[in-house]
Structures are given as structure tokens and as C-alpha cells.
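None of these values were measured; they are calculated from a predicted model. Computed from heavy atoms alone, side chains included, the values below leave out hydrogens, waters and symmetry copies.
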Amino acid sequence: AERGLAGLAFSDGDDDATHADMHRRFPAADWVRDDAVAAAAAVQAFAGGQGPMPLVLIGSPFHIQVWKALLRIPAGATSTYGQIAGWAGKPRAYQATGGAIGANPISLLIPCHRAIAKDGRLTGYHWGLARKAAMLGMEAVAAAG
């Protein structure tokens, strides 16, 4: 938390599975549980404490470009994989863009759930399409006021 947030995941109540998933995403990390630091980070990320949460992006240069491109999509809106590929500087790299989106380690704060297929379908989400649809719906309602 000193440098910023490098990973954020959803948990469906199975802490062991959630920790295993995060360990797979960051195999070289030294893991230390600190509930106080986690609570303070949650307040900063979601309740507007002490300014925006700094993010630490750990990935290939292309993945980082894709994750930065996702940050361009406003809450309540969506963009296609092709649009995101273009923003990341590789307009024809749809599949590579999809792979980078799927590898996003900071769910919700880097809004990979806002990426949709060209025909408007909801596709691929690490935590399930129902959660993706719910998040998009909540954002659309909030954006509509």
C-alpha cells in the first residue's frame, strides 16, 4: 500500500480461493496480511479518503497500455475491444487486447467490466458475466442520476 494498489479482486466468501487466485496473478510477491492497511486502502479507493488511490501497474508494456485505455471509459458507458485496442495503439490487436483486459489485476478500479463485444454482447469476465452485468447496470443507473 505504500506505493499503491497492485491487485484487487472479488471474493464470493471463499477466502482460500480468493487468496489462491491472487497468488497465481502475482507469483513473485511476498504476501503479508495486514487488515488495517487493507481497510485504509478500501476507504481511500471507494469512499474518497485522502485523494485518488495510486495504482501500481505490473504487466507487459502492452498490457499496461490497455489498462490505461480502460481508464478512459466513463462510468455508465462501455467500449468495444476494438476501440480499446485503438486507444492502446494497436487497433487490429483485438485478441491481444482481450487477453490484456482479462489479465487486469485491479478489478473495478481499472474498469475491465466496461469492455464489450462489437455487437454489444457482454463477453468474458474473470468473476462471471452476471457480476459484469450487475456492475454495468449499477453504473448506468448512477450515471443517469
Side-chain angles (χ1 to χ4, degrees), residues 1-12 14-32 34 37-38 40-145:
E2 290 177 18
R3 290 180 40 214
L5 184 68
L8 181 65
F10 291 101
S11 175
D12 290 322
D14 184 347
D15 287 346
D16 291 338
T18 302
H19 288 136
D21 182 46
M22 291 301 282
H23 284 267
R24 276 191 301 277
R25 289 173 174 265
F26 299 98
D30 291 325
W31 292 89
V32 176
D34 189 330
V37 169
V43 168
Q44 184 174 2
F46 299 110
Q50 308 171 3
M53 169 62 75
L55 304 179
V56 177
L57 303 179
I58 301 170
S60 72
F62 180 67
H63 281 192
I64 291 170
Q65 284 304 111
V66 169
W67 301 335
K68 287 180 178 180
L70 289 168
L71 294 170
R72 294 177 61 171
I73 309 169
T78 57
S79 293
T80 66
Y81 292 96
Q83 289 170 314
I84 297 162
W87 294 337
K90 303 250 184 204
R92 289 184 177 38
Y94 309 118
Q95 287 185 324
T97 298
I101 291 169
N104 171 22
I106 308 176
S107 179
L108 192 61
L109 296 182
I110 296 179
C112 54
H113 61 282
R114 296 180 190 152
I116 61 170
K118 182 169 62 171
D119 63 7
R121 285 179 302 116
L122 299 185
T123 57
Y125 191 64
H126 185 76
W127 292 278
L129 293 181
R131 182 168 278 140
K132 181 174 184 168
M135 292 184 335
L136 289 171
M138 289 186 332
E139 288 182 353
V141 167

Parallel, tilted or perpendicular: ring planes of His63 versus Trp67, cut at 30 and 60 degrees: tilted
Closest contact, heavy atoms only, Gly76 versus Ala143: CA-CB, 4.1 Å
Non-hydrogen side-chain atoms of Ile116 and Thr123 separated by less than 4.5 Å: no
Check: Ile110 and Leu57 side chains under 4.5 Å, non-hydrogen atoms: yes
Minimum heavy-atom distance Ser107-Phe10, with the two atoms named: OG-CE1, 3.0 Å
With Phe62 via ring-ring contact (aromatic ring centres under 6.0 Å, His included) - residues at least two apart: none
side-chain contact (heavy atoms from CB on, under 4.5 Å) evaluation trace for Ile73 with Ile84: CA-CA 9 Å; Ile73 309 169; Ile84 297 162; 3.9 Å; yes
Closest contact, heavy atoms only, Leu5 versus Leu109: CD2-CD1, 3.5 Å
Closest contact, heavy atoms only, Tyr81 versus Gly124: OH-O, 4.1 Å
Sidechain-backbone polar pair: Lys132 side chain, Ala115 backbone, donor-acceptor under 3.5 Å: yes
Distance-minimising heavy-atom pair for Pro105 and Arg25: CA-NH1, 3.7 Å
Min side-chain heavy-atom separation Trp127-Met135 under 4.5 Å: no
Donor-acceptor under 3.5 Å (Gln83 side chain, Thr80 main chain): yes
Distance in Å, His19 NE2 paired with Trp31 CH2, rounded so as to fall on 0.5 Å steps: 7.5 Å
Nearest-0.5 Å distance, CG of residue Asp21 to CG of residue Asp14: 11.0 Å
NZ or CZ of Arg131 within 45° of Tyr125 ring axis and under 6.0 Å: no
Spacing of CG belonging to Leu55 relative to CG belonging to Leu8, to within rounding of 0.5 Å: 9.5 Å
Contact summary for Ala6 and Ile106, nearest pair of heavy atoms: O-CG1, 3.4 Å
Side chain to side chain contact (heavy atoms under 4.5 Å, CB included) partner of His113, the single match among Leu108, Leu70, Leu122, Leu129: Leu108
